[in-house]
Amino acid sequence: MSVSYQPELLYVDGRFRSGCEVVVADGKIVSVGQVNAKKDIEGVGVSDVRRLTGRALLPGMIDIHSHSFQRALRGKAESRRRSGPDFWSWRNIMYRCALALTPEEIYDVARMAFLEMTRAGITTVGEFHYLHRTPKGEAYADPNLLAKRVIRAAESVGIRIVLLRCAYVRAGFELPPDAGQIRFLEPDAERFLIDSETLRSEIAKMAATVSFGLAPHSVRAVPREYLKTISAWAQTYAMPLHMHVAEQPAEIEACVAEYRATPFEFLDGLGLMTHDFTAIHAIHLQAGEIERMGRGKITVGACPTTERNLGDGILAADELIDAGVSIAFGTDSHTQTDALENARELESNLRLRHLQRAVLDGRQGEALPALLFDFATCAGARSLHVESGALEVGKAADFFTVDLSDSSIAGSLPDELLTNVVFSMSPRAVCDVVVDGKTVIDERRHVLEGEIIEAFRRVQTRLGTEL
Ligand SMILES: [Zn+2]
């Protein structure tokens, strides 16, 4: 049987329409359009009608780049005394956080991160997972124990997850080992592939809301031969392949020193620049690299809320879009968990750089709000290979509603509503969230919210203010 959701306004085909419904059966969208008074959608009887007066319904947003454990770092790294002056010194406190968490705490922190995502209208997370080992650097009896704790956290919250299993081999070119990375390291590519294949096949038997991808951490952390071996395996399954690329200038210098090539030249030479590849950050680009990225139809995972927090730099989104690169969003370090803040920051940074307004307006033939919202939805689905991100028949029933009387968007005319959602809406306006046809947030509440927050509070109390 199916459920008909009948909001006051439905975001479909790039605009809000009234008098429409989205009908869901078995976790999928089976009909979208004008409310069908006969209640008979292609032979599927409608068993339940949910009238959502005063709400607008939109496709769920997709967060393609999360390190959920870093939610525990919030509040601990905003002073020079604690985390130093730059990305590299911040990384040391992040490593201490990674070393401090027990498997159960990793679960508790992930649940907090995923709860916050759903409260913000995010229905899918791409979890770039690099915590594999014990704090002493030993393998757990089940080498995928921590990945499974994170998956279990996603299932508990009800968010769709793509577990991107991360390869991490070394500190960097000609750098001595870094003790802070000991939980990440899996130096043997063959062993990495055995453990990845085990997890991939286990996930294949899990619910439809869990899937798998591969994530060589970065050019600095994964040397060429290892990268070639594991990316060849990923390509046999045509799975999502995500990698941090060009977040900081020092990475480019090291790549040129080691391979006599810039990062995207190097990756292109290995045949990785395809539509399955997502480059996270891609801030510091060299001459000719944007053209290579566009030719490969890759995705760039922009994480502006984290990139501004870490002082990484500004993404040349205008040039990338013009070259044909797809852009999707990640919350990354969870300083702020808000996909729409990422969307508005992407544009705002360009305004500050070019001293202009509406810099991305009209690119790809789309109005600015629709373009940014597409990045937060459809582009994320493409990057993670999930069938969601739009209210279309056959897609997963992943969507959220917003309260049209919330003070951040109240008074919006239908033609202005998306602009206000993208540029002004508070996550507080999100009312209902549905993932795979199941209600996850109901009237702004998650059924496990009290328990999740209390468990997270206990973790934060144990960690204390100093790491
Ligand atoms: Zn990251």
Side-chain angles (χ1 to χ4, degrees), residues 62-74 77 83 86-98 101 106 109-110 113-114 116-117 122 124-132 146-147 150 161-169 171-172 178 180-181 183-185 213-222 227 240-252 255 263 267 277-284 298-315 327-339 341-342 345-346 379-380 383-384:
I62 296 179
D63 184 333
I64 69 156
H65 189 71
S66 156
H67 309 291
S68 59
F69 80 89
Q70 292 181 20
R71 178 64 180 80
L73 198 55
R74 193 182 289 182
S83 58
D86 62 17
F87 168 86
W88 304 102
S89 54
W90 167 86
R91 212 174 57 151
N92 291 329
I93 191 169
M94 184 270 280
Y95 288 171
R96 292 200 290 278
C97 178
L101 296 168
I106 287 166
V109 175
F114 299 154
E116 192 178 5
M117 284 183 186
I122 293 167
T124 298
V125 56
E127 176 70 13
F128 196 110
H129 177 80
Y130 54 81
L131 285 177
H132 301 307
L146 299 183
V150 173
I161 184 168
V162 181
L163 195 291
L164 300 158
R165 193 172 192 279
C166 180
Y168 209 116
V169 183
D178 185 330
Q181 298 165 347
R183 290 189 94 170
F184 320 155
L185 298 180
L214 209 67
H217 181 275
S218 54
V219 173
R220 69 173 186 272
V222 184
L227 180 58
L241 192 67
H242 284 214
M243 190 173 197
H244 296 111
V245 190
E247 182 175 9
Q248 286 281 326
E251 293 175 63
I252 286 99
C255 184
L267 296 170
F277 186 73
T278 295
I280 306 300
H281 303 304
I283 299 282
H284 301 282
I298 72 162
T299 298
V300 164
C303 310
T305 50
T306 288
E307 288 150 3
R308 72 184 178 192
N309 184 271
L310 298 180
D312 287 337
I314 293 174
L315 184 71
I327 294 179
F329 296 124
T331 50
D332 196 0
S333 69
H334 295 278
T335 303
Q336 202 171 352
T337 302
D338 183 347
E341 179 64 13
N342 273 327
E345 182 73 11
L346 188 82
S383 167
L384 291 175

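In each ligand, atom 1 is the first atom listed, and ligand 1 is the first ligand listed. Not measured: the values here are computed from a predicted model.
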**OP:** Examine Phe128 together with His242 and report whether their ring centres are nearer than 6.0 Å.
**Re:** no
**OP:** Angle at the Zn ion (ligand 1): provide the value between NE2 of His65 and NE2 of His244, rounding to 10 degrees.
**Re:** 90°
**OP:** Check each of Asp338, Asp63, Asn342, Thr306 against Thr331 using the side chain to side chain donor-acceptor pair (under 3.5 Å) test, and report the only one that passes.
**Re:** Asp63
Subject >> Any N, O or S atom of His67 closer than 2.8 Å to the Zn ion (ligand 1) >> reply: yes
Original post:
What pair of heavy atoms forms the shortest contact from Gly301 to Glu307, and how long is it?
Top reply: O-OE2, 4.3 Å
Subject >> Atom pair OG1 (Thr278) and CD1 (Ile298), whose distance is rounded to the nearest 0.5 Å >> reply: 7.5 Å
Subject >> Asp332 atom (N/O/S) at minimal separation from the Zn ion (ligand 1) >> reply: OD1
